Structures are given as structure tokens and as C-alpha cells.
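Report on the following structure.
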Amino acid sequence: MSESTDPASPAGQIAAGYAFTGPALDLGALLWDGNCLPELQIRIPLSMLNRHGLVAGATGTGKTKTLQLIAEQLSANGVPVFLADIKGDVSGISVPGASNDRIEERAKDVAQEWRATGHPSEFYSLGGIGPGIPLRATVTSFGPVLMSKVLQLNQTQEQSLGLIFHYADTKGLELIDLKDLRAVVAFLVSDQGKPELKGIGGLSTVTAGVILRALTAFEQQGAAEFFGEPEFDTGEFLRTAADGRGLVSVLELPAVQDKPQLFSTFLMWLLADLYGDLPEVGDLEKPKLVFFFDEAHLLFNGASKAFLDSITQTVRLIRSKGIGVFFVTQTPKDVPADVLAQLGNRVQHALRAFTPDDAKALKATVKTFPNSAYDLEELLTQLGTGEAVITVLSETGAPTPVAATRLRAPQSLMGPIDAAALDQAVKSSLLHSRYAEPIDRESAYEKISAEQAAAEAQAEAAAAAAEEAKAAKTAAAAARSAPKPDPSLAEQVVGSGLFRSLARSIGTQLGREISRSLFGTARRRR
């Protein structure tokens, strides 16, 4: 027995912390004193994957391959996975990989029995931009908090937007797409609409103008495609294949990677929607879904305190729904402390220290790990591609010793599949016919437009009637009293005015205010 594998040695003591009795995912082999020790395996318990995690590291250090490695094993264990594919290189998880000298060498180093294996996958896109089954959300279900984030509104404007959603909810004005929201905002600052919010603070013309301009800019970026129907049912992510393996849902984002605020906030909507729809289940033998949140720093940049509080609470509570969340970013500093404190499983790839800011980030990262037998500040700058410092939660919930690890190689294709194969996979999916074609049914825009047209037509009819009455009065005999005129324009408009007609004709559809969750999200369930 070598000194490094002696159970009493530092390496042996580290490895003992990963000797789990239940099902676990194999991550790789321990690195100690410059050597890879294939007999000392580093693993993560399957039952702890709903306790959330962090995969971090500099660009090019292997974060994407780590996601692929974990996702493959989750799928093999019957756990569905959601992957956000920012760069377009994760689609290869659906087909077997191709062996080469580097893979064979890595497998030998870490004692891996490598077999080329593809995994059942579905491919999605945001609103149908790019390849994939379109994911859409209605404006109503997206809610005012997330909408304020993507529109980059300040706190006052966010509160006003919340008031607009409240009005639409109570009046049964369904906000399906962005033109619905625009129509309601415009109505509430019109002469007919101003009285509607007078009792609860009103909506200033200046704030409404800011919101309308933000909506215009948002639409010019192509964001209108993401909002509408059919709205995606996030329960689709929880499916397994016919052979019992978990389905890997890959959200293809290369076509919208220039819209970071949008796709990061949309990912948060997916999580919030899952949270609102799933029952409490407590601790399970394996999670219902593991959700990988790539480019996580984009979600937190510029976020208000209320928004961060909602993220923190959602992450804290969604664990009890059987959902595990892994945030993927460059350094732990990208994630707020309250969220980071809930991420018990950590895979930290190499960091660089080329600048003073890099050095600060390195020191901050080291402080986030428990006591270590390594000099982490030195080690984290020396790790190679496909190597990482790992600590996870053991089966008892206690953190394992910090372990430098040479990671296993994914068994699926480490790269994208070709465009024709991706297109074929999308069109052959059973979900394609359900979600591919957009639907534009009657909603707030159509109802407000119809009421405005009716009011205008009635006003014109009233004016014409008044002219006729005036002519008749002039021509009447002087001795005879003039006939009583028709109801005034004001009486006719108010009699079937927009504000009263909307409440009557539309309010009957919902009959009550929509109940909203932590993020203000809501959905009319099937």
C-alpha cells in the first residue's frame, strides 16, 4: 500500500469522505501531491443533488464538459435534466461520443470504463428563435417582477408595473403578449382609463411613458417572440424516456446570447413556474429534476434587493419540491452570499490571477471552501483543463473534505451535432406539434381595441343624432316646443364606457384576481 492510498494518510482520509453506500455519480479520481490516484474515486450522492450546487471556473477550464458528465449520469439514473446551452455545444449529449487518444488516456488515468453513449434529449428555443421547440410564456404568467427585470425598470417603475398587472388581473384582462401590456398601459393613462386607478395611487403619465418606451426597445430586440401562446408547460421537463432514463432538455440559446437579460430572466421564470406548480415532497432518494443555470452572473447583475430576495427564497424552497439547481459561472463572487450559502455541492475549476481583480477573486473563492489539506490559492491556478477542486454534501448532509479531482470524460459527443440532425430531432418530437405554431387569441389588446372602436362609433352616432335634432328643431313650427334631444355624448359614452364595459364583459371570464407567487408569476393551469 502506497503512502498516498494509506487510509491514515491525508489522501486516504480525503477519499474516505467520498465512500458512500447509496447510489452516487462518479466524478473522477483524486489528485494528490501531483499524482492522479485512480483507486481513490470522488463521487456525489444521488440523494444530495437536490441540495443545489455551483460549477465555477475561468473560460476554457472545462465547465461545460463537467455539466455534460453530471447530466449523463443523472439521465442514466432516471433523473430528468435541464441544460441551458449558451454556446451551442451541448447538443452532442444526444448521440454517442467518439473515442480518441485523449479520451482513452483520460479514462485510464481515472479508472473509467468509457463506453460511447447518447442520451434521450429534447431541444428547445426561446420563442422559436433558433433551432428547437419554442418556449413561450404569457405576459400574465411572467409577472411584473421578472418583466421589470428584463425591461430594466427602477423600483418606482416596478411598483407601477405591479399596479398595472393588478388592474389587469382584477378586470380579467389577459396579458398574453407585449401588445396586450402596451394596450393596458396606454388605456390607464387615457381620459377613460385614468379614473380606474385613482383610488389606489394612479399611474403617472411619465412612468407610463418610461414603460412604453422600454417595451418598444424590448420589441425592437426581437423579444416579442418570447411572449405568447401556446404557453410552455414546464412539467414537460420532468419526463423520462421509455427505457426509464431521464430526459435531457437542452435549451438552445446561441441565437439569443446577445440578449443576456432576457434569457437569464426567462430561465428564472422556468424555475419559478416549476416551484409554483409542484407539491412538497421533502427529501427523496433522487431528485425529480436537476436544473443547470448557465451564465448565472447575468441573473444577478443589476438586480434589485427585492429581486434577489425572491431568488434566494425560491432556491431555498424549491429543494423541498425535489428540484436541484446548479449555478454555472466563473467565480463564486458572481453569486450573492445568501444564494451561495445554499449551494452545498461545489465543483471549482481553475482560476486565473493575471490582474489585481483576478487575485481578489481567487482569495475570495478560497474563503468559500471548508478547511482544506491543500494550498487552494496555489492549486486553483495550477489545475489543468478537466480538473477541479470538489466538495459535496455526504449522505448525512455534512460537507466532504476538499478534493482535487481529475474528472471523467463524458461518454456522449463533446460538441454540437450538425444542423440537419438537430432539425430532425426537433421536428420528430411529439411536442413539436403542440408548441411550434403560435396562437393569437382574443386578449387585452383586442378587447380594449374593440371597446375603443365601439365607443368612438357611439360618439360619432351621438354627434350625428345631435345634428339631426338641431336641424329638426330649426325647421319645427315656432309654436311647437322643440323635441327633447337624444342622450348627450357624455351619457352615451359613460353608459357603455370602456372602464365599465371592460369590468362587465371581461371580468366574468376570471371573476377574481389572479394569485401570484414569490416572483409575481401566475399561470392558468390546464
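No experiment lies behind these values; they were computed from the predicted model shown. Just so it is clear, the values below take in all heavy atoms, side chains as well, and ignore hydrogens, waters and symmetry mates.
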Measure the [atom1]-[atom2] distance between [X] and [Y] for me, rounded to the nearest 0.5 Å.
X: Leu30; Y: Thr405; atom1: CG; atom2: OG1; value: 6.0 Å
X: Leu181; Y: Ile176; atom1: CG; atom2: CD1; value: 12.0 Å
X: Asn35; Y: Arg406; atom1: CG; atom2: CZ; value: 9.0 Å
X: Glu252; Y: Phe123; atom1: CD; atom2: CZ; value: 6.5 Å
X: Lys305; Y: Ser310; atom1: NZ; atom2: OG; value: 10.0 Å
X: Ile42; Y: Ile390; atom1: CD1; atom2: CD1; value: 7.0 Å

Given side-chain hydrogen bond (donor to acceptor under 3.5 Å, both in side chains), test Thr329 with Glu295 step by step and report yes or no. CA-CA 5 Å; Thr329 189; Glu295 299 292 342; over 6 Å; no
Sequence neighbours left out, what pairs pass salt bridge (Lys or Arg N to Asp or Glu O under 4.0 Å) with at least one residue falling in residues 336-351? none
Determine whether the side chains of [X] and [Y] contain a donor N or O and an acceptor N or O closer than 3.5 Å.
X: Gln330; Y: Arg352; value: no
X: Thr314; Y: Tyr275; value: no
X: Glu104; Y: Ser99; value: yes
X: Tyr435; Y: Glu236; value: yes
X: Asp358; Y: Thr355; value: yes

Taking atom [atom1] as the centre, does [X] end up with more than 12 heavy-atom neighbours from other residues, nucleotides or ligands that are less than 6.0 angstrom away?
X: Arg102; atom1: CZ; value: no
X: Asp101; atom1: CG; value: no
X: Ile439; atom1: CD1; value: yes

If you apply the rule side-chain hydrogen bond (donor to acceptor under 3.5 Å, both in side chains), what do you find for Thr138 with Thr140, and how did you get there? CA-CA 5 Å; Thr138 65; Thr140 284; 5.0 Å; no
Quick test of your reading of the model: are [X] and [Y] salt-bridged, counting only N-O distances below 4.0 Å?
X: Asp277; Y: Lys321; result: no
X: Lys149; Y: Glu158; result: no
X: Arg136; Y: Glu229; result: no
X: Arg51; Y: Asp283; result: yes

Leu46 vs Glu285 side-chain heavy atoms within contact, under 4.5 Å: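 Answer no - side chains too far apart.
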Are [X] and [Y] close enough that their ring centers fall under 6.0 Å?
X: Phe291; Y: Phe326; answer: no
X: Phe232; Y: Phe237; answer: yes
X: Phe142; Y: Phe227; answer: yes

Applying the side chain to side chain contact (heavy atoms under 4.5 Å, CB included) criterion to Leu343, which one of Thr368, Leu54, Val325 satisfies it?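 In the set Thr368, Leu54, Val325, the residue that makes a side chain to side chain contact (heavy atoms under 4.5 Å, CB included) with Leu343 is Leu54.
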Among Glu122, Gln424, Arg434, whose side-chain hydrogen bond (donor to acceptor under 3.5 Å, both in side chains) with Ser429 holds? Glu122
Show me the donor-acceptor pairs, under 3.5 Å and distance only, between side chains in residues 66-74 and residues at least two apart or in other chains.
unit_1, atom_1, unit_2, atom_2, d
Thr66, OG1, Gly62, O, 3.1
Thr66, OG1, His349, NE2, 2.7
Gln68, NE2, Ser412, OG, 2.8
Gln68, NE2, Leu413, O, 2.9
Glu72, OE1, Gln411, N, 2.9
Glu72, OE2, Gln411, N, 2.9
Glu72, OE2, Ser412, N, 2.7
Glu72, OE2, Ser412, OG, 2.5
Gln73, OE1, Asp26, N, 2.8
Gln73, NE2, Asp26, O, 2.7

